[in-house]
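All ligand and atom numbering here is 1-based and tracks the order in the structure.
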Amino acid sequence: MAAISFVLLPLAFLTLLTPHKAATFTIVNNCSDTLWPAAVPYGGGIHLNSGQTWTFEVPSGTTVGRVWARTGCSFDDSGNGHCETGDCGGKLSCAAYGSPPNTLAEFALNEFSNLDLFDISLVDGYNVGINFSPATASGSCQGQQCAADFVRQCPAALKAPGGCNNPCTVFKTDEYCCYSGSCVPTDYSRFFKNLCPDAYSFPKDDQTDTYSCPAGTDYRVTFCP
Ligand SMILES: *[C@@H]1O[C@H](CO)[C@@H](O)[C@H](O)[C@H]1NC(C)=O
């Protein structure tokens, strides 16, 4: 008996403590133009020609992860420069979030009930269309997409070089930014919601916009799906 516990107990602890494997994120540039995709807190950022893919690992348990596209960039040989949209402090490899407008793929890995949570958010505006999906979809573990002609249809007050700003970025008021913790849809948030019903259009948007997959799932983010 004692001998069996001696063997089994450490095994049980090992199982409890073994985290899920890291998730592999595959980023696809399906746009006709070059992109400089970025990802934090893991990934950084690179130059990605049309048709190319970029792969990196994200550890299980990572919260507030995001992936976005940068457009109109130029960088020097040491990776310093600037992008028209999504710029992260002028660095090729990002350690900080991007400047609006930028469409966001957001995720938290291995949260409650061993689920990954993920969404597409327009809270920082829109620059490039995104499809955010599990590498292998099954059951309720399905992806989502936001790709529409935001730039051409963008309300005049929200137009920005290379994209369409969220009203919070432009007006910085409680009505659009929900600083006080509660707010309701506006004509501007409805503009975003109509074009991409599954994406977050303002900070307190419907929780059903968040999708889930079992922890350990690998993901694919396709720009210009
Ligand atoms: C890539 O873009 C083309 C249109 O330019 C589209 O037909 C195709 O479905 C896209 N592929 C993926 C994987 O999203």
Side-chain angles (χ1 to χ4, degrees), residues 21-40 42-58 65-74 83-86 88 94 97-98 100-109 116-154 159-164 166 191-201 205 208-214 216-225:
K21 72 168 187 64
T24 301
F25 274 68
T26 302
I27 314 300
V28 181
N29 179 5
N30 192 48
C31 300
S32 50
D33 294 327
T34 299
L35 294 176
W36 290 259
V40 294
Y42 297 93
I46 61 160
H47 173 134
L48 199 64
N49 288 326
S50 174
Q52 287 187 330
T53 63
W54 171 41
T55 302
F56 55 88
E57 304 278 305
V58 178
R66 67 166 64 168
V67 178
W68 70 98
R70 293 172 291 175
T71 60
C73 304
S74 68
C83 301
E84 185 174 60
T85 66
C88 63
C94 293
Y97 288 164
N102 55 173
T103 324
L104 306 176
E106 303 179 306
F107 57 87
L109 302 183
D116 295 344
L117 305 176
F118 62 103
D119 64 76
I120 295 175
S121 175
L122 302 171
V123 166
D124 273 353
Y126 182 99
N127 62 342
V128 174
I130 290 181
N131 179 294
F132 189 6
S133 295
T136 312
S138 70
S140 63
C141 168
Q142 300 286 336
Q144 56 179 314
Q145 182 163 308
C146 174
D149 194 358
F150 276 96
V151 178
R152 198 176 53 81
Q153 297 182 50
C154 189
K159 277 193 194 328
C164 185
N166 188 278
F191 160 74
F192 286 95
K193 201 72 185 173
N194 285 340
L195 288 178
C196 280
D198 294 335
Y200 276 84
S201 60
D205 206 351
T208 59
D209 295 334
T210 299
Y211 287 54
S212 64
C213 284
T217 298
D218 294 327
Y219 294 92
R220 178 181 296 266
V221 174
T222 304
F223 293 113
C224 298

*For Thr85 and Thr71, test the side chains for any donor-to-acceptor distance below 3.5 angstrom and give the result as yes or no.*
yes

*For residues Asn29 and Ser50, is any side-chain donor paired with an opposing acceptor at under 3.5 Å?*
no

*With sequence neighbours excluded, what pairs up with Cys88 under the side-chain contact (heavy atoms from CB on, under 4.5 Å) test?*
Trp68, Arg70, Lys91, Cys94

*Measure the acute angle between the ring planes of Phe25 and Phe107, then classify it against the limits of 30° and 60° as parallel, tilted or perpendicular.*
tilted

*Regarding Ser133 and Asn131, is there a side-chain donor-to-acceptor distance under 3.5 Å anywhere?*
yes

*Heavy atoms under 4.0 Å from ligand 1: which residues qualify?*
Asn30, Thr222, Cys224, Pro225

*Distance-only polar pair, side chains of Tyr219 and Asp116, donor-acceptor under 3.5 Å*: yes

